[in-house]
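Order of the sequence lines fixes the chain letters, A, B, ..., with proteins taken first and strands second; residue numbering starts at 1 for each chain. Here the structure is a predicted model, which means the values were calculated and not measured.
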Amino acid sequence: MTLSFDFPGGIYPPERKVRSSQASLQRAPLPERVSLPLRQHSGRPAVACVSPGDSVQVGSLIAKRNGLISAHVHASISGTVTHISGNDIQIESDRQDTWHTLAPLNWRDTDAGTLLARLDESGVVGLGGAGFPTPVKARVIARHAIDTLIVNAAECEPYITADDITLQRYPDDVLEGAQLIASLCGAEQIIIGIEDNKPEAIAALTQAVGRSQPVSVTLTVIPTRYPSGSEKLLIKTLLNRTVPSQGLPADVGALCHNPGTLLAALNAVRAGQPLVERIVTLTGDAIARPGNYWVRLGTSIETLLTHAGLDTDRLSSVIQGGPMMGETLDTLKRPVVKTTNCLIAATHAELPSGPQEAPCIRCGACESVCPVQLLPQQLHWYARAQEDDKLERYHLFDCIECGACSYVCPSHIPLVEDYREAKSRLRYQQIETAKAEHAKHRFEFRQARLAREEAEKQARRHARLAQTKPSISNNRADAAAHPAPSTMPSANPQADLRSLRIAQSAAKAAVRKAEKVLAREAQQAPHESHEDLETQLATARENLKVADLQLAQARENAQISTEDSP
Amino acid sequence: MSMLHASHVNDAPSAGTTAPPTASLMRWVIVATLPGIIAMTYCFGLGVLSNIVLAAAFGVLLESGVLYLRKHPIVPALNDSSALLTGVLLGASLPPASPWWLIGVGMIAAVVIAKQLYGGLGHNPFNPAMVGYALLLVSFPTYMTLWAPPQPLISDTLWPQIMGALPIADIDTLSGATPLDAFKQKAQGLSAYQFWASGTLADGTLEAWRFISLAWLAGGVLLLFKRIISWHIPAALLGSLLIMATLFYMADADEFASPVFHLLTGATLFGAFFIATDPVSAATSRRGKLLYGVGIGVLIIVIRNLGGYPDAVAFAVLLMNLCVPLIDLYTVPRPVGHSKGTAGAPR
């Protein structure tokens with residue numbers, strides 16, 4: 001056990017974990033049909049690669065990853081594909097449960113490339129809630145040196161016990177998964193961060209830690225305080241490193257993974273099993289048999305809760321995720337997806353709806369619990385007033401939306417809702433501004449291209465005239481007859497030449513600058529499109545061509561005029 | 001969106017350690033004024049209670065009236081008890097048995113002008129009770145600076161006084177001065193020792209004020225204990241007040257009163273726990289609250305020792321209310337993940 005460090009603020013909500021952590025882990029019955037959304041992860045939705053009528057086995061690839069930040073989707077039951085829409089694929093079960101697995105691999109003597117490909121093929125994503133594709137996270141070492149892999153077992157939200165049960169039941173497998181990921185990202189140590197309210201999991205891990213090879217594993221028990229499991233706060237608590245604002249854990253040499261994800265990664269490699277099932281906590285006072293269940297992805301939430309003994313009369317709301325950061329479901333027809341860690345079937349008594357919102361009296365209760373040291377009361381004020389510049393100055397985008405402020409607000413103001421709304425409004429504005437900028441740049445490029453074509457035409461005509469009519473006076477008359485800025489001889493050809501030369505070097509500098517900006521951006525974000533910067537570079541190049549042509553022509557004219565003068 | 005709320009859970013390890021909802025928060029402040037009010041009534045008679053009852057009644061009436069004119073729902077706003085609290089605080093600040101019209105004028109300034117015209121609860125830049133108090137002090141100094149010496153619970157003139165029927169000359173004979181006032185008015189060259197020996201103050205006056213101050217302190221401790229106020233403002237205020245008073249006292253012990261005198265007479269403790277801690281008009285961040293409290297403490301001593309008024313809590317609080325936007329601007333905490341250079345004060 002090592003020392004743990006402190007983070008500011010935090011709250012002590014009721015834990016309400018016992019009701020689901022006391023029951024043993026069970027398997028939910030195989031669903032008759034599943035509905036598998038194409039987007040169960042962060043990033044772009046996958047693209048369906050089966051058609052209605054196709055028969056599939058458990059683990060058959062049914063939708064392929066689209067782009068870098070995306071993940072494959074696999075059939076979670078064997079049967080027939082019945083329906084494909086833009087959002088999901090539905091499969092009807094044949095009740096056979098036949099599996100299609102990949103070749104088992106021993107990760108210790110398999111190269112990193114093969115392992116990453118396996119994680120990719122298996123559709124493994126973070127199971128903690130965000131659903132970030134695991135292979136992409138493992139590839140972070142291309143740009144960052146990682147020294148520590150953190151197993152985020154804090155599970156600080158009330159009700160949820162999925163990680164707790166995972167660790168109690170599969171401590172060695174989770175650690176083996178951690179060793180696998182540690183070897184992929186080059187971590188020199190593994191630290192497990194777990195809140196002190198999970199004694200059974202801690203006991204199981206204490207046993208397992210000594211057996212885990214080759215990277216040394218440390219178990220750090222941290223005090224129970226919400227939101228200790230927030231990635232950046234956990235890194236601060238365990239390593240005393242501060243992830244920079246807008247930065248990633250990798251910026252401070254750390255990677256965080258959830259125990260369930262590590263288990264899924266290990267299963268994908270060792271057993272060749274794609275991600276088709278996960279452990280889900282079913283809890284809340286409106287179900288008779290709360291506990292943790294192995295659930296096939298795509299199982300309808302209604303079926304699942306009914307299996308757990310849902311009492312619809314007492315049910316007031318169903319929450320997916322935890323009560324602090326989760327979402328209230330408006331329908332139970334939704335399926336369990338890769339990121340569904342918990343379903344709470346709450347009665348009105350346990351999660352009553354709040355009383356009417358009262359005015360903010362700036363009591364500062366929110367500020368004292370904010371784990372990132374924002375001023376929620378000021379953000380609330382500016383969010384309601386839509387004072388966007390103030391919102392950014394008061395660091396709205398550093399808010400982790402943990403809900404501690406809403407939890408303590410004596411005026412029952414839904415602060416996090418305000419912040420989410422303001423954030424999405426600001427993001428939308430940024431996108432719109434970028435779009436407008438891009439449109440402007442495209443227009444500028446078109447103008448520059450037309451100018452270049454015009455200048456070329458001029459130059460060609462000029463050359464033709466010079467060939468056919470070598471007479472100087474004619475040439476000048478012709479030039480006067482076709483006035484163009486570049487060819488029109490001015491009163492002072494020398495001054496004209498000088499200004500054109502300046503314009504040409506400015507155009508050259510602009511090209512160099514655009515090249516530099518593009519190169520830097522491309523290095524920083526190699527996988528993103530830099531269309532706008534490319535347009536700007538092309539515009540600068542066109543401008544340079546124009547300037548070159550004009551200068552060349554003016555030089556010729558100047559020569560002619562010097563020859564002309566006595 | 002958080003579906004859990006501290007006020008709905010009774011199974012939280014944190015139950016009782018977070019502040020109660022806004023409405024009961026205000027009611028708790030009213031409860032916490034009880035020791036002070038009882039002590040005042042014990043020392044200065046029922047005139048204290050009549051002040052408070054009248055002011056609270058005016059508060060509720062005026063708030064309802066303005067809300068009606070603003071076409072805002074009246075019941076929820078009255079339910080938060082903030083107008084009632086403003087009445088209690090102003091009532092407790094006034095000389096006992098103040099005439100009803102004086103209280104009415106003060107409450108109009110407090111509730112109508114300082115609070116509702118700015119948008120109601122949560123929007124007032126100035127402490128409403130202190131706006132009312134300052135207006136009365138400036139407009140009706142005769143009534144406001146004459147404070148009767150300790151007297152029995154029911155005095156003969158209580159009713160005529162409240163009704164405003166007592167001639168001003170009679171009030172003068174009835175009234176004495178507060179210890180702060182008396183000390184300030186002491187003859188030039190009179191040493192502090194001579195002043196206390198001279199018996200300018202009626203017997204028991206100083207003791208009464210000390211007793212009342214300690215009663216306010218008891219209420220303040222209750223507020224701290226219930227987490228309704230944080231320690232920052234009272235601690236900063238009282239700390240800076242003691243330091244400033246000590247400095248003055250060390251410079252000239254005859255001219256300036258002792259730090260203990262400043263602490264235990266006048267409205268110091270009442271102000272530190274009940275007035276300066278009004279969250280709406282105070283600075284918002286923890287660092288800001290410390291600065292705000294220090295500012296009030298310093299101003300109280302500066303005005304008491306060098307200014308023209310015997311007590312200064314109201315003016316000190318109002319002056320620091322003025323500074324709140326500036327303080328807030330320069331005390332934005334640095335969020336986690338920001339380095340010293342990049343965050344800091346927003347422009």
Notebook entry, point to check: When only heavy atoms count and the cut-off is under 4.5 Å, which of residues 396-405 of chain A reach chain B?
Noted result: D398(A), G403(A)
Check: Ignoring hydrogens and geometry, is there a side-chain-to-backbone donor-acceptor pair from R286(B) to E367(A) under 3.5 Å?
Finding: yes
Checklist line | Qualifying residues under side-chain contact (heavy atoms from CB on, under 4.5 Å), relative to A134(B), sequence neighbours excluded | finding: F315(B), L318(B)
Checklist line | Heavy-atom pair count under 4.5 Å with chain B, highest-scoring of R362(A), Q377(A), K232(A) | finding: R362(A)
Margin query: To the nearest 0.5 Å, what is the distance between CD1 on I11(A) and CG on L4(B)?
Written below: 8.0 Å
Item checked: Pick from G364(A), P244(A), P158(A), P8(A) with the largest number of heavy-atom pairs that fall under 4.5 Å of chain B -> P244(A)
Notebook entry, point to check: In terms of heavy-atom proximity below 4.5 Å to chain B, should S353(A) be classed as side chain, backbone, both, or neither?
Noted result: backbone
Item checked: Contact origin within P371(A) toward chain B - heavy atom pairs under 4.5 Å -> backbone
Next item on the list: Taking all heavy atoms of P279(B) and all of C363(A), pick out the closest pair and write down the distance.
Entry: CB-CA, 3.6 Å
Note to self: Taking side chain as everything from C-beta outward and backbone as N, CA, C, O, which of these in I361(A) sits under 4.5 Å from a heavy atom of chain B? Side chain, backbone, both or neither.
What the structure shows: both
Notebook entry, point to check: Heavy-atom distance under 4.5 Å between the side chains of K236(A) and V336(B), does that happen here?
Noted result: no
Check: Taking non-hydrogen atoms and a cut-off under 4.5 angstrom, which of residues 108-118 of chain B neighbour chain A?
Finding: none
Note to self: Using every non-hydrogen atom in the two residues, find where H123(B) and W381(A) come nearest and quote the distance to one decimal.
What the structure shows: ND1-CH2, 3.4 Å
Next item on the list: Identify the two heavy atoms, one from Q378(A) and one from D328(B), that lie closest to each other, and give their separation to 0.1 Å.
Entry: NE2-OD2, 4.1 Å
Checklist line | Region of A77(B) in contact with chain A, defined by heavy-atom distances below 4.5 Å | finding: neither
Item checked: From H338(B) atom NE2 to Q246(A) atom CD, the distance as rounded to the nearest 0.5 Å -> 7.0 Å
Note to self: For chain B, which candidate among T224(A), L351(A), L375(A), L374(A) shows the most heavy-atom pairs at distances under 4.5 Å?
What the structure shows: L375(A)
Next item on the list: Could you check which of L121(B), I229(B), D278(B) has the highest count of heavy-atom pairs closer than 4.5 Å to chain A?
Entry: L121(B)
Next item on the list: For E421(A), look at atom CD and say whether over 12 heavy atoms of other residues, nucleotides or ligands are found less than 6.0 Å away.
Entry: no
Note to self: Is S245(A) close to chain B through its backbone or its side chain, or both, or neither, when contacts mean heavy atoms under 4.5 Å?
What the structure shows: both
Note to self: If I measure from the heavy atoms of chain B, does V372(A) come under 4.5 Å with its side chain, its backbone, both, or neither?
What the structure shows: both
Check: Quick one: side-chain contact (heavy atoms from CB on, under 4.5 Å) partners of N79(B), sequence neighbours excluded?
Finding: R27(B)
